[in-house]
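Below: one structure, written as structure tokens.
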Amino acid sequence: MMRIDIISLLPKLLEGPFSDSILKRAQDSAKVEIYVHDLRQYGLGRHQQVDDYAYGGGAGMVMMIEPIEKCIKHLKSERVYDEVIYLSPDGEPLTQSIANGLSTQKNLVLLCGHYKGVDERVREHLVTREISIGDYVLSGGELAAAVLVDAVVRLLPGVLSDETSALTDSFQDGLLSPPIYTRPADFKGWKVPDILLSGHEEKIREWRFEQSEKRTRERRPDLLE
Ligand code: ADE
């Protein structure tokens, strides 16, 4: 079973995403264990301090190394981790291929940043990998961590009810998905393509592939390069 430990200053933000639907089922059926750790509990002193002013000045607080190191050390004392991932807009952009790779790992730590981010020494010495979910800035790493967990956990064997359905996702073959339809075949004159009603499996496969290519060419030519 895969295990994911998430370190966060706002653990409540992560309650919702993991307690419904596919992510809930994956945990209930023992495909993954997800633990959220409140970094504040590792804070310094009576006020459980977790952040401080930046050396050299400038606006914004910086997350201190000590609480983060204490938390990671505690986790590492109990098991070996494959990666300690820091969610950050300056990380490697998340792709399906990265999600596929992570889905084969056993134990992951995800570190969520806040304020101006973490002390650089956390990134140099404690983190093994930095991942961004896109070229925009979120107010913290929690939503990014939830995105990463969703993308990875749905790939674990047995998580999706129809095992082939992750294989036909957009991006899994490097192309966008073809159009899909369900009943009715004619809604106020808006018709489902005849080919899909024809029953010709081979022709339908070809049509879907052509549509995938066309859609990718039109919307995401960068994926074809
Ligand atoms: N934290 C803030 N913005 C982020 C982003 N785009 N990706 C990952 N983590 C983030």
Side-chain angles (χ1 to χ4, degrees), residues 1-39 75 79 81-89 91-114 129 131-184 187 192 196 208 211-212 215-216 219-220 223:
M1 168 158 49
M2 184 178 212
R3 176 178 172 121
I4 303 175
D5 289 276
I6 307 177
I7 304 172
S8 163
L9 281 174
L10 290 170
K12 273 203 281 183
L13 271 184
L14 291 164
E15 280 170 16
F18 304 144
S19 55
D20 256 310
S21 187
I22 288 171
L23 289 179
K24 176 170 197 302
R25 247 191 296 127
Q27 294 171 89
D28 291 348
S29 61
K31 306 297 189 294
V32 65
E33 284 177 299
I34 303 170
Y35 296 93
V36 181
H37 306 275
D38 185 356
L39 185 60
L75 292 171
R79 65 199 65 77
Y81 286 90
D82 299 297
E83 302 272 16
V84 177
I85 299 170
Y86 176 49
L87 284 308
S88 155
E92 190 186 350
L94 179 60
T95 59
Q96 191 61 48
S97 153
I98 291 176
N100 289 346
L102 291 175
S103 74
T104 68
Q105 305 283 37
K106 182 119 188 55
N107 299 315
L108 300 176
V109 173
L110 307 185
L111 173 63
C112 305
H114 262 274
R129 190 161 187 185
I131 293 179
S132 165
I133 65 159
D135 290 342
Y136 40 81
V137 179
L138 304 168
S139 30
E142 284 76 11
L143 298 179
V147 166
L148 179 62
V149 168
D150 189 294
V152 168
V153 169
R154 62 193 295 284
L155 298 172
L156 298 175
V159 166
L160 294 185
S161 44
D162 180 355
E163 280 246 34
T164 62
S165 93
L167 297 174
T168 59
D169 287 342
S170 277
F171 298 114
Q172 208 51 277
D173 55 5
L175 296 176
L176 303 183
S177 294
I180 52 169
Y181 300 86
T182 187
R183 291 190 298 169
F187 178 71
V192 172
L196 296 177
R208 286 187 169 144
Q211 292 291 314
S212 277
R215 191 161 272 203
T216 308
R219 300 186 181 197
R220 294 294 307 277
L223 294 178

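Below, all heavy atoms of this structure are taken into account, side chains as well, without hydrogens, waters or symmetry copies. Quick caveat: nothing in here was measured; it's all calculated off a predicted structure.
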Heavy atoms of other groups near Arg183 CZ, more than 12 under 6.0 Å
no
Please round to the nearest 0.5 Å and tell me the distance separating atom CG of Asp150 and atom CG of Leu155.
9.5 Å
Within a radius of less than 6.0 Å around CG of Asp135, do more than 12 heavy atoms belonging to other residues, nucleotides or ligands occur?
no
Indicate yes or no: at least one non-hydrogen side-chain atom of Ile6 is less than 4.5 angstrom from one of Val149.
yes
Side chain of Gln27, backbone of Leu23: donor and acceptor closer than 3.5 Å?
yes
Atom of Gly91, atom of Ser132 and distance for their closest heavy-atom approach
O-CB, 3.6 Å
Heavy-atom pair of closest approach, residues Met1 and Ala30:
SD-O, 3.2 Å
Is Arg208 close to Leu196 at the side-chain level, that is, under 4.5 Å between some pair of heavy atoms?
yes
Would you say that Arg3 contacts Tyr81 through its side chain, given a criterion of any heavy-atom pair below 4.5 Å between the two side chains?
yes
Taking the side chain as every heavy atom from C-beta outward, state whether Leu108 and Met2 have any pair of such atoms under 4.5 Å apart.
yes
Hey, could you give me the CD/OG distance between Gln211 and Ser177, rounded to the nearest 0.5 Å?
12.0 Å
Heavy-atom count around Arg25 CZ within 6.0 Å, excluding the residue itself: above 12?
yes
Nearest 0.5 Å, what's the CG-CZ distance between Asp20 and Phe18?
12.0 Å
Are the side chains of Leu176 and Phe171 in contact, using a 4.5 Å heavy-atom criterion?
yes
Atom pair CG (Leu75) and CG (Asp5), whose distance is rounded to the nearest 0.5 Å
4.5 Å
Pro17 vs Glu142 side-chain heavy atoms within contact, under 4.5 Å:
no
Considering non-hydrogen atoms only, spot the tightest contact between Ala99 and Leu94 and give its length.
N-CD1, 4.4 Å
Residue pair Leu14 / Ser8: nearest heavy atoms and the distance that separates them:
CD1-CB, 4.2 Å
Would you say Leu102 and Arg129 make side-chain contact, with heavy atoms under 4.5 Å?
yes
Using 0.5 Å steps for rounding, measure from the NZ atom of Lys31 to the CG atom of Leu156.
9.0 Å
Check whether any side-chain heavy atom of Val32 sits under 4.5 Å from a side-chain heavy atom of Val152, and report yes or no.
no
Inter-residue atom distance Ser139.OG - Leu10.CG, 0.5 Å rounding
8.5 Å
Heavy atoms only: give me the nearest Ala145-Leu87 pair and the separation to one decimal.
N-CG, 3.9 Å
